[in-house]
Number of protein chains: 2
Amino acid sequence: MAHRIISDEELLATALDLFRTYGFEGVSIKQLADATGLEKASLYYRFPGGKDEIVMAVAGDVVAWFEKNIFDPLAGAGSIRKRLAFVIERLREFYVGGTKACIMDLLSIPGGSEELKAALKEAMKTWISAFADVAKESGLSPALARSRAEEAIVRFEGSLVVSRVMGDTSAFERILKALPELLTVA
Amino acid sequence: MAHRIISDEELLATALDLFRTYGFEGVSIKQLADATGLEKASLYYRFPGGKDEIVMAVAGDVVAWFEKNIFDPLAGAGSIRKRLAFVIERLREFYVGGTKACIMDLLSIPGGSEELKAALKEAMKTWISAFADVAKESGLSPALARSRAEEAIVRFEGSLVVSRVMGDTSAFERILKALPELLTVA
DNA sequence: GTCTATATTAAGATAGAC
DNA sequence: GTCTATCTTAATATAGAC
């Protein structure tokens, strides 16, 4: 077969899609090879640690994406409402309208490395803090801002689970719509 | 080895624990055999359909448990507050204080049968309806009762995801505490 | 840097003894 | 109804050609 070339970025985007659909245990090196057009041996050449290393790289890419598209914009310029509206649009895109699961849900199921578990926990903490900072800026007390941020993440994650089980993304749309009210003073 | 005897009930309870920890793809017949003390061939004798049949039986048992411990008590006698307090205690037990995941989360990840997917969806619909009926009985309008019930399930599922990722069950405890307020008029 | 080929281990599944 | 033994397929992982 002709040699296939694929950038790390493209490769990891393909891997992300597999992992957030089937979970860590549900994805094999063979599947990753087929989906990327590479042979298994080529994947091992680029990621000698195998699936564990690939999934860690995927998680790293997702965290970088969140920094650029969620955390930085949330802390940026413009009115809080506008920043939230922007971020909500990015979240809708990333989760494809609620049809794609969150890697914090699927990859936190035992099977992956301790390193992965730690990275997911760190990412969730960062996300909660980013939401809490906005809520504080909008005028909520630090304690209330924090609890509203945690509730927002809980509802966000739950809406993705419910959307998947029900085969209906309305729960996801509802939490996106509720986010501004949750994270700002009425 | 001496022949092992184990009841279906005990066997399926063991299987439930594995499936809600590792997910469908994360559990092998070998693991189920080791955990139940039976050989693989004995599992196939009792469940000729293999893992798919075992996980369906597990789901059936869980639904039966919910009918007996959640849905029936919710529709039963006594004050709404008392019924909710009873049910919240049962939920805390079933999810072991938020340390065990929900099978609707883990088993809705692709890998299982279409039959399983349908059963999980049906179970979630039943759960939402049971919550909505209580909210209606407490005086909320049908529309508001339904949206509160859906929010309760979303937050319940989300709290289990967040508890797992964070390694901290406080999110689960928070939703249990919030349930009475969510499902009744203030 | 990707390929073909292969080694090794594990998973799913069944046959037949007891 | 459970066991041991075995078959087949799939998964992880590596060696070596190009």
Side-chain angles (χ1 to χ4, degrees), chain A residues 1-59 61 106-107 109-116, chain B residues 1-59 61 106-107 109-116:
Chain A
M1 205 225 246
H3 285 212
R4 174 78 208 275
I5 57 145
I6 182 174
S7 66
D8 269 22
E9 192 183 1
E10 222 185 318
L11 190 161
L12 294 176
T14 301
L16 166 62
D17 212 50
L18 282 173
F19 282 122
R20 70 174 172 175
T21 302
Y22 302 108
F24 183 78
E25 296 280 8
V27 176
S28 68
I29 298 284
K30 172 84 162 67
Q31 270 180 276
L32 285 164
D34 290 346
T36 57
L38 289 173
E39 289 300 324
K40 286 182 288 174
S42 304
L43 286 176
Y44 278 108
Y45 176 82
R46 287 164 77 156
F47 301 93
K51 226 167 66 169
D52 277 292
E53 190 175 341
I54 295 173
V55 84
M56 274 303 298
V58 166
D61 265 19
L106 266 70
L107 296 184
I109 298 163
S113 65
E114 283 302 308
E115 196 188 359
L116 174 63
Chain B
M1 207 224 246
H3 285 212
R4 173 79 208 275
I5 57 146
I6 182 174
S7 66
D8 268 23
E9 192 184 1
E10 222 184 319
L11 191 162
L12 293 175
T14 301
L16 165 61
D17 211 48
L18 283 173
F19 282 123
R20 69 175 172 175
T21 302
Y22 302 107
F24 183 78
E25 297 280 9
V27 177
S28 68
I29 299 284
K30 173 81 162 66
Q31 269 180 277
L32 286 164
D34 290 346
T36 57
L38 290 173
E39 290 301 322
K40 285 184 290 176
S42 303
L43 286 176
Y44 278 107
Y45 176 82
R46 287 164 77 155
F47 301 92
K51 224 167 68 169
D52 277 292
E53 190 175 341
I54 295 173
V55 85
M56 274 304 297
V58 165
D61 265 21
L106 265 71
L107 296 184
I109 297 164
S113 66
E114 283 303 308
E115 196 188 358
L116 174 63

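Computation of the quantities below employed the complete heavy-atom set of this structure, encompassing side-chain atoms and omitting hydrogens, waters and symmetry-equivalent molecules. Letters A, B, ... mirror the listed sequences (proteins, then strands); counts begin at 1.
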Report the residues that fulfil side chain to side chain contact (heavy atoms under 4.5 Å, CB included) with [X], sequence neighbours left out, ordered by chain and then residue number.
| X | answer |
| --- | --- |
| B:L106 | A:I109, B:A101, B:R164 |
| B:D8 | B:R46, B:F47 |
| A:A41 | none |
| B:D17 | B:R20, B:K100 |

- Query: Please, which pairs that meet side chain to side chain donor-acceptor pair (under 3.5 Å) have at least one residue in residues 25-35 of chain B, sequence neighbours excluded?
  - Reply: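 Qualifying pairs, neighbours excluded: B:K30-B:D34.
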Within the pair [X] and [N], is there a side-chain N or O less than 4.0 Å away from OP1 or OP2?
| X | N | value |
| --- | --- | --- |
| B:S42 | D:dG1 | no |
| B:R46 | D:dT2 | yes |
| A:Y45 | C:dG1 | yes |

Nearest whole angstrom, please: distance from the [atom2] of [N] to the [atom1] of [X].
| X | N | atom1 | atom2 | answer |
| --- | --- | --- | --- | --- |
| A:F47 | D:dT12 | CZ | C1' | 17 Å |
| B:I6 | D:dG1 | CD1 | P | 15 Å |
| A:E39 | D:dT12 | CD | C1' | 15 Å |
| A:E53 | D:dT12 | CD | P | 15 Å |

- Note on the structure: Per-nucleotide protein contact along nucleotides 11-18 of chain C, 5' to 3', at a 4.0 Å heavy-atom cut-off (B base, S sugar-phosphate only, - neither), is SBBBB---
- Is B:I5 touching bases, backbone alone, or none of the nucleic acid, heavy atoms closer than 4.0 Å?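 Touches nothing.
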- So do B:V27 and B:L32 actually touch side chain to side chain, heavy atoms under 4.5 Å?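 Yes - at least one pair of side-chain heavy atoms lies under 4.5 Å apart.
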